[in-house]
Amino acid sequence: MIMMTVAVGVGAAVIVVVLAGQGLDRAEKWVSVVVGSGSVVLSAAGLVLGWLTWRQSQTGAGLQPVNASGSGAVAIGGDSRGGIEVDVLDVSDVPPVDPLVPYGVRASGTGAVAIGGDSTAPIRTSVTGRGDTA
(Lines give C-alpha, C1' and ligand atoms only; values in the text may rest on other atoms or scores of the structure.)
Protein backbone atom coordinates (compact mmCIF):
# COMPACT_ATOMS: atom_id res chain seq x y z
CA MET A 1 0.00 0.00 0.00
CA ILE A 2 2.80 2.38 0.87
CA MET A 3 4.69 1.45 -2.30
CA MET A 4 1.61 2.18 -4.39
CA THR A 5 1.17 5.56 -2.74
CA VAL A 6 4.83 6.39 -3.38
CA ALA A 7 4.55 5.26 -7.01
CA VAL A 8 1.45 7.42 -7.59
CA GLY A 9 3.19 10.40 -5.97
CA VAL A 10 6.34 9.96 -8.08
CA GLY A 11 4.23 9.54 -11.23
CA ALA A 12 2.28 12.71 -10.48
CA ALA A 13 5.53 14.62 -9.88
CA VAL A 14 6.97 13.41 -13.20
CA ILE A 15 3.79 14.44 -15.03
CA VAL A 16 3.89 17.92 -13.45
CA VAL A 17 7.55 18.38 -14.44
CA VAL A 18 6.92 17.20 -18.02
CA LEU A 19 3.83 19.36 -18.43
CA ALA A 20 5.59 22.41 -16.94
CA GLY A 21 8.17 22.21 -19.73
CA GLN A 22 5.50 21.98 -22.44
CA GLY A 23 3.97 25.40 -21.97
CA LEU A 24 0.41 26.16 -20.95
CA ASP A 25 -1.27 25.54 -24.30
CA ARG A 26 0.35 22.14 -24.98
CA ALA A 27 0.00 21.07 -21.34
CA GLU A 28 -3.73 21.77 -21.49
CA LYS A 29 -4.04 19.62 -24.62
CA TRP A 30 -2.13 16.75 -22.99
CA VAL A 31 -4.31 16.90 -19.89
CA SER A 32 -7.44 16.82 -22.07
CA VAL A 33 -6.18 13.77 -23.97
CA VAL A 34 -5.19 11.89 -20.79
CA VAL A 35 -8.43 12.69 -18.93
CA GLY A 36 -10.58 11.82 -21.95
CA SER A 37 -8.79 8.50 -22.44
CA GLY A 38 -9.12 7.69 -18.74
CA SER A 39 -12.82 8.49 -18.87
CA VAL A 40 -13.34 6.11 -21.79
CA VAL A 41 -11.41 3.32 -20.04
CA LEU A 42 -13.32 3.75 -16.76
CA SER A 43 -16.66 3.83 -18.62
CA ALA A 44 -15.83 0.61 -20.46
CA ALA A 45 -14.75 -1.04 -17.19
CA GLY A 46 -18.05 0.03 -15.58
CA LEU A 47 -20.05 -1.44 -18.46
CA VAL A 48 -18.16 -4.73 -18.27
CA LEU A 49 -18.62 -4.99 -14.49
CA GLY A 50 -22.31 -4.13 -14.81
CA TRP A 51 -22.81 -6.79 -17.48
CA LEU A 52 -20.97 -9.41 -15.40
CA THR A 53 -23.12 -8.58 -12.35
CA TRP A 54 -26.30 -8.79 -14.41
CA ARG A 55 -25.25 -12.10 -15.95
CA GLN A 56 -24.44 -13.58 -12.55
CA SER A 57 -27.81 -12.51 -11.16
CA GLN A 58 -29.61 -14.05 -14.15
CA THR A 59 -27.96 -17.46 -13.73
CA GLY A 60 -28.95 -17.64 -10.06
CA ALA A 61 -32.47 -16.28 -10.61
CA GLY A 62 -33.86 -19.53 -12.02
CA LEU A 63 -33.00 -21.63 -8.99
CA GLN A 64 -36.01 -22.67 -6.97
CA PRO A 65 -36.29 -24.34 -3.59
CA VAL A 66 -35.95 -28.11 -3.89
CA ASN A 67 -37.27 -30.61 -1.37
CA ALA A 68 -37.50 -34.38 -1.49
CA SER A 69 -38.92 -36.44 1.33
CA GLY A 70 -39.26 -40.12 1.87
CA SER A 71 -36.99 -43.05 2.38
CA GLY A 72 -33.96 -42.71 0.06
CA ALA A 73 -35.15 -39.40 -1.41
CA VAL A 74 -32.63 -37.14 -3.20
CA ALA A 75 -32.89 -33.36 -3.67
CA ILE A 76 -30.45 -31.40 -5.87
CA GLY A 77 -30.78 -27.61 -5.86
CA GLY A 78 -29.00 -26.88 -9.16
CA ASP A 79 -27.90 -28.70 -12.28
CA SER A 80 -26.90 -32.37 -12.12
CA ARG A 81 -24.12 -33.59 -14.39
CA GLY A 82 -23.43 -36.87 -12.59
CA GLY A 83 -25.46 -40.03 -12.57
CA ILE A 84 -27.89 -40.56 -9.70
CA GLU A 85 -28.54 -44.04 -8.35
CA VAL A 86 -31.01 -44.60 -5.54
CA ASP A 87 -31.43 -48.09 -4.05
CA VAL A 88 -33.98 -48.42 -1.26
CA LEU A 89 -34.41 -51.77 0.49
CA ASP A 90 -37.24 -52.90 2.79
CA VAL A 91 -39.62 -49.96 2.70
CA SER A 92 -42.31 -51.56 4.81
CA ASP A 93 -44.31 -49.18 6.99
CA VAL A 94 -42.69 -46.01 5.58
CA PRO A 95 -45.46 -43.65 4.42
CA PRO A 96 -44.49 -40.80 2.05
CA VAL A 97 -44.32 -37.36 3.61
CA ASP A 98 -45.52 -34.35 1.65
CA PRO A 99 -42.78 -31.69 1.83
CA LEU A 100 -43.95 -28.29 3.04
CA VAL A 101 -42.64 -26.21 0.11
CA PRO A 102 -45.22 -23.73 -1.22
CA TYR A 103 -43.45 -23.42 -4.60
CA GLY A 104 -40.44 -24.81 -6.39
CA VAL A 105 -39.51 -28.41 -7.10
CA ARG A 106 -40.66 -31.08 -4.72
CA ALA A 107 -40.85 -34.84 -4.69
CA SER A 108 -42.36 -37.11 -2.10
CA GLY A 109 -42.16 -40.84 -1.68
CA THR A 110 -39.73 -43.67 -1.45
CA GLY A 111 -36.74 -43.16 -3.76
CA ALA A 112 -38.02 -39.78 -4.93
CA VAL A 113 -35.60 -37.56 -6.89
CA ALA A 114 -36.10 -33.78 -7.20
CA ILE A 115 -33.75 -31.70 -9.37
CA GLY A 116 -34.07 -27.91 -9.45
CA GLY A 117 -32.02 -27.43 -12.64
CA ASP A 118 -31.06 -29.46 -15.68
CA SER A 119 -30.04 -33.10 -15.48
CA THR A 120 -27.60 -34.29 -18.12
CA ALA A 121 -26.97 -37.78 -16.72
CA PRO A 122 -29.09 -40.87 -16.14
CA ILE A 123 -31.20 -41.28 -13.01
CA ARG A 124 -31.86 -44.82 -11.79
CA THR A 125 -34.19 -45.55 -8.90
CA SER A 126 -34.65 -49.04 -7.52
CA VAL A 127 -37.10 -49.77 -4.68
CA THR A 128 -37.30 -53.30 -3.34
CA GLY A 129 -39.02 -54.66 -0.27
CA ARG A 130 -42.41 -55.65 0.98
CA GLY A 131 -44.02 -52.24 0.65
CA ASP A 132 -46.77 -53.04 3.16
CA THR A 133 -47.91 -49.53 4.09
CA ALA A 134 -51.59 -50.38 4.70
Going from CG on Leu52 to CG on Leu47, what distance comes out if it is rounded to the nearest 0.5 angstrom? 11.0 Å
Are more than 12 heavy atoms, taken from residues, nucleotides or ligands other than Gln22, located less than 6.0 Å from that residue's CD atom? yes
Going by side-chain contact (heavy atoms from CB on, under 4.5 Å), Ser37 matches just one of Val33, Val41, Val34, Val40. Which one? Val33
Leu24 CG: over 12 foreign heavy atoms closer than 6.0 Å: no
Treating Ile, Leu, Val, Met, Phe, Trp and Tyr as nodes and any side-chain heavy-atom pair under 4.5 angstrom as an edge, say whether Val48 and Leu42 lie in one connected cluster. no
Report yes or no: do Val31 and Ile15 belong to one cluster of Ile/Leu/Val/Met/Phe/Trp/Tyr joined by side chain heavy-atom distances under 4.5 Å? yes
Pairwise side-chain contact, Asp25 with Lys29, heavy-atom cut-off 4.5 Å (strictly under): yes
Is it true that a side-chain atom of Ser43 and a backbone atom of Ser39 form a donor plus acceptor pair closer than 3.5 Å? yes
Hydrophobic cluster of Met3, others only, ordered by chain and residue number, side-chain cut-off 4.5 Å: none
Under 4.5 Å between side-chain heavy atoms, hopping through other hydrophobics if needed: is there a path connecting Val35 to Leu19? yes
